Each structure stands twice: as C-alpha cells, then as structure tokens.
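These values consider heavy atoms only, across backbone and side chains, with no hydrogens, waters or symmetry-generated copies. If you're wondering where the values come from, they're calculated on a predicted model, not measured in any experiment.
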Amino acid sequence: MKKRALIAGILLGATSSASVFAHEQAHEVKTLDQVVKSDFRQDKNVSRDKYRHPLETLTFFDIKPSDTVIELWPGGGWYAEVLAPYLAGEGQYVAGNFDTNPADEKKRKGYRATSGKKFEAWLKKHKAQVGQATTVTFDPPTHYVLGRDESVDTVLTFRNLHNWAMKGYLEPVFESTYKVLKPGGTFGIVEHRGKAGMDAKTGYMDEAQVIALAEKVGFTLVAKSDVNANAKDTKDYPKGVWTLPPRLALEDVDKAKYLAIGESDRMTLKFIKNVQ
C-alpha cells in the first residue's frame with residue numbers, strides 16, 4: 001500500500017509539475033514582433049496593419065512585457081489581440097471596458113453593455129493566450145475611476161478621443177488617466193488628426209487642442225510620431241472620418257476613391273506624467 005501511495009504521489013507531483021510547466025510555457029515572455037506575427041490574431045485584423053502599424057506604434061510608446069497597461073475602450077479587441085498576449089507572461093493587461101450592467105435597464109441591451117459583455121467573453125474564451133488579463137469599468141459619465149492612484153505604467157487609447165470630446169467628457173477622462181498613472185508613466189494616444197478647429201463630430205480632432213488639454217491636466221508631451229500619418233486624407237468627407245475605411249459609411253458610393261485614400265491620417269502622441 002505504501003508503495004502504491006508513493007507511486008501515486010510521484011505521479012501527482014509529476015502531473016502538477018507538468019501543469020505548471022504548461023502554464024509557464026503558455027505565458028512565456030514573447031517579443032512584440034512575435035506577438036504581432038502570431039496566428040492568434042484574426043486575419044481581418046492583420047489586414048489593417050498597413051494602416052494601424054501595431055509593432056511600430058507600441059514600440060514608440062515603449063511598452064515593456066512587464067508593464068501594467070490599461071487600454072481605454074478596446075472595442076472589438078483589435079489592439080487587445082496584441083497587448084494581452086504580450087503582457088500575459090510578466091505584465092498585466094487591463095481593459096477600460098463599458099459598464100456591462102448599467103443601472104438603467106434600457107441600457108442593458110444597448111450597444112455599450114452588449115459590446116462590453118462580448119469583450120469579457122472574449123477574454124474568458126482566450127484565457128490560455130491572455131493569461132490574467134482583466135477589465136475595469138470605465139464608462140463616462142458614470143464611471144471614470146481606472147484603479148488605485150499611481151498604480152499603472154501605461155494608459156493607451158486608440159481613436160476614442162472624439163467620442164469623449166463630443167459629450168464633453170474629454171477633460172475628466174484625461175484627469176482619470178493622470179491619477180492612475182505612476183509618476184513618469186506613459187499616456188499614449190492615437191487619434192484621427194483633423195485640421196485646426198475641426199468639430200469632434202466629424203470624428204477628427206485638432207492635434208494642438210489635444211496637446212493643450214493634456215498639458216493642462218499635467219502631462220508633458222515627450223514625442224510625436226508620424227507612423228500612422230496619411231497624407232492622402234483630405235478630411236472633408238460627407239460623413240466625416242467614417243466615410244473612409246474601415247467604416248465606408250457611404251457604402252458603394254465612391255467606394256474605390258475612399259479605398260484608395262485608405263484609413264484616416266492619425267496623430268500618435270506620447271505623454272508622460274510628471275515626476276513630482
């Protein structure tokens with residue numbers, strides 16, 4: 001009996017070790033280049049790399065695999081497919097996600113709640129790839145708090161500023177971001193770049209105004225990049241930025257013209273939280 005118990009113990013130990021090893025292997029630290037080229041990414045997302053440049057953009061923001069990173073409003077998870085696996089080994093990916101259970105019953109079946117639930121389901125389904133990736137409810141104007149003050153290395157947002165600006169939420173969003181970042185932490189912004197004075201309702205933002213607001217809150221602009229620039233974008237379309245791909249709001253009207261232009265011209269800005 002003792003011999004059997006000993007063998008069982010050895011087998012159990014071996015199984016546990018194998019399980020731990022498998023977990024470590026699944027979440028081994030990978031380079032950003034490896035993650036961008038991974039088969040985990042959907043083909044429809046990879047096809048947009050020529051416009052969104054994930055490797056160059058995240059390199060510009062200096063995202064390290066050991067960082068804790070919050071992505072505000074991840075949407076369908078385009079960047080989450082890259083960031084969550086990249087941070088799974090040593091770091092932490094947190095999505096500033098929509099409120100999935102809003103107090104207003106009518107909103108529970110609306111776009112935000114539905115989208116938020118879909119994203120949470122995606123994280124759960126792909127736990128093997130994304131590890132301990134999680135969410136925090138970030139849904140202005142009711143939910144602004146992103147976590148403990150000075151607890152995060154980087155906050156990123158991709159093509160969301162106009163949504164908050166249209167509702168008058170942009171300044172408190174920047175303030176919440178500033179609070180959650182560690183001193184010296186990075187705030188990385190990619191946004192449709194408009195002409196001076198353009199209305200946010202077009203989907204475009206005035207770069208100078210974005211910089212001025214960030215500096216007002218306390219950030220310092222440390223670098224700009226033209227990695228996501230597009231000189232073909234004339235920014236004067238019938239349905240604003242959504243006229244261009246991927247939305248193509250006019251559908252088949254002048255479709256070839258807009259496809260030839262490509263996705264929007266985008267500012268790519270790197271700010272830091274000042275060290276006190």
Side-chain angles (χ1 to χ4, degrees), residues 32-33 36-37 41-63 71-83 154-166 170 173-174 186-215 219-272:
L32 195 52
D33 185 58
V36 169
K37 294 177 180 177
R41 299 183 65 210
Q42 299 175 74
D43 289 342
K44 67 177 183 179
N45 290 340
V46 174
S47 68
R48 295 180 63 199
D49 282 4
K50 61 184 177 181
Y51 300 119
R52 304 196 69 175
H53 311 100
L55 177 60
E56 297 85 351
T57 299
L58 295 178
T59 298
F60 172 71
F61 291 141
D62 194 25
I63 308 299
E71 180 190 2
L72 304 181
W73 282 10
W78 198 96
Y79 257 103
E81 274 190 350
V82 177
L83 285 165
T154 302
V155 175
L156 301 174
T157 178
F158 302 95
R159 303 180 308 126
N160 284 313
L161 300 193
H162 58 279
N163 293 306
W164 302 316
M166 282 189 285
L170 193 56
V173 167
F174 279 22
T186 297
F187 183 25
I189 292 174
V190 177
E191 175 61 304
H192 309 295
R193 177 167 45 201
K195 300 174 183 177
M198 284 189 76
D199 193 317
K201 291 180 181 179
T202 64
Y204 289 98
M205 294 289 292
D206 183 327
E207 183 175 297
Q209 291 181 357
V210 171
I211 294 171
L213 180 59
E215 291 178 339
F219 288 105
T220 296
L221 178 68
V222 292
K224 297 181 184 181
S225 173
D226 279 332
V227 65
N228 296 304
N230 180 1
K232 295 180 181 178
D233 181 5
T234 56
K235 311 171 187 185
D236 55 357
Y237 313 113
K239 292 188 177 292
V241 73
W242 301 282
T243 307
L244 298 176
R247 179 73 176 275
L248 292 170
L250 295 179
E251 299 181 348
D252 290 333
V253 177
D254 291 327
K255 183 176 181 179
K257 169 187 173 182
Y258 297 123
L259 285 173
I261 292 171
E263 295 193 18
S264 67
D265 175 44
R266 292 162 189 167
M267 64 182 90
T268 305
L269 308 174
K270 180 180 179 181
F271 297 91
I272 62 166

note = Taken to the nearest 0.5 Å, the spacing of Ser47 OG from Arg52 CZ works out to 11.0 Å

remark   = Sequence neighbours excluded, the answer for salt bridge (Lys or Arg N to Asp or Glu O under 4.0 Å) partners of Arg193 is Glu207, Asp226, Asp265

message = Going by the rule salt bridge (Lys or Arg N to Asp or Glu O under 4.0 Å), which residues pair with Lys37 if we only count those two or more places apart in sequence or in a different chain?
response = Asp33

request  = Apply the test side chain to side chain contact (heavy atoms under 4.5 Å, CB included) to residues Val227 and Thr59: give CA-CA distance (whole Å), side-chain angles for both, the deciding distance (0.1 Å), then the verdict.
outcome  = CA-CA 11 Å; Val227 65; Thr59 298; over 6 Å; no

key: side chain to side chain donor-acceptor pair (under 3.5 Å) against Tyr204, all qualifying residues, sequence neighbours excluded   = Asp233

key: Contacts of type ring-ring contact (aromatic ring centres under 6.0 Å, His included), residue Phe60, not counting sequence neighbours   = none

task = Please name all residues satisfying side chain to side chain donor-acceptor pair (under 3.5 Å) with Lys232, sequence neighbours left out, ordered by chain then number.
result = none

ask   = Between Asn160 and Leu72, is there a donor-acceptor pair closer than 3.5 Å when you use the side chain of the first and the backbone of the second?
value = yes

message = Strictly distance-based, threshold 3.5 Å: is any side-chain N or O of Asn228 a donor or acceptor partner for the main-chain N or O of Thr57?
response = no

query = Do the rings of Phe187 and Phe219 sit parallel, tilted or perpendicular, given the 30° and 60° boundaries?
reply = tilted

inquiry  = If the condition is side chain to side chain contact (heavy atoms under 4.5 Å, CB included), which residues does Thr234 pass it with, not counting sequence neighbours?
reply    = Asp236, Tyr237

Scan the side chains in residues 240-249 for donor-acceptor partners under 3.5 Å anywhere in the protein, sequence neighbours excluded, and list what turns up.
residue	atom	partner	partner atom	Å
Thr243	OG1	Lys239	N	3.0
Thr243	OG1	Gly240	O	2.9

Pairing residues for Lys201 by the side chain to side chain contact (heavy atoms under 4.5 Å, CB included) criterion, not counting sequence neighbours = Met166, Asp199

query = So, Trp73 side chain and Thr157 main chain: donor-acceptor pair closer than 3.5 Å or not?
reply = no

task = Would you list the pairs meeting salt bridge (charged side-chain N to carboxylate O under 4.0 Å, His left out) in which at least one residue belongs to residues 54-63, sequence neighbours left out?
result = Asp62-Lys64

key: Test salt bridge (Lys or Arg N to Asp or Glu O under 4.0 Å) applied to Asp252 - qualifying residues, sequence neighbours left out   = none

request  = Sequence neighbours left out, what passes side chain to side chain donor-acceptor pair (under 3.5 Å) with Glu71? Give chain and number order.
outcome  = Tyr93

ask   = Can you list the residues that meet the side chain to side chain donor-acceptor pair (under 3.5 Å) rule with Arg41, with sequence neighbours excluded?
value = Asp49

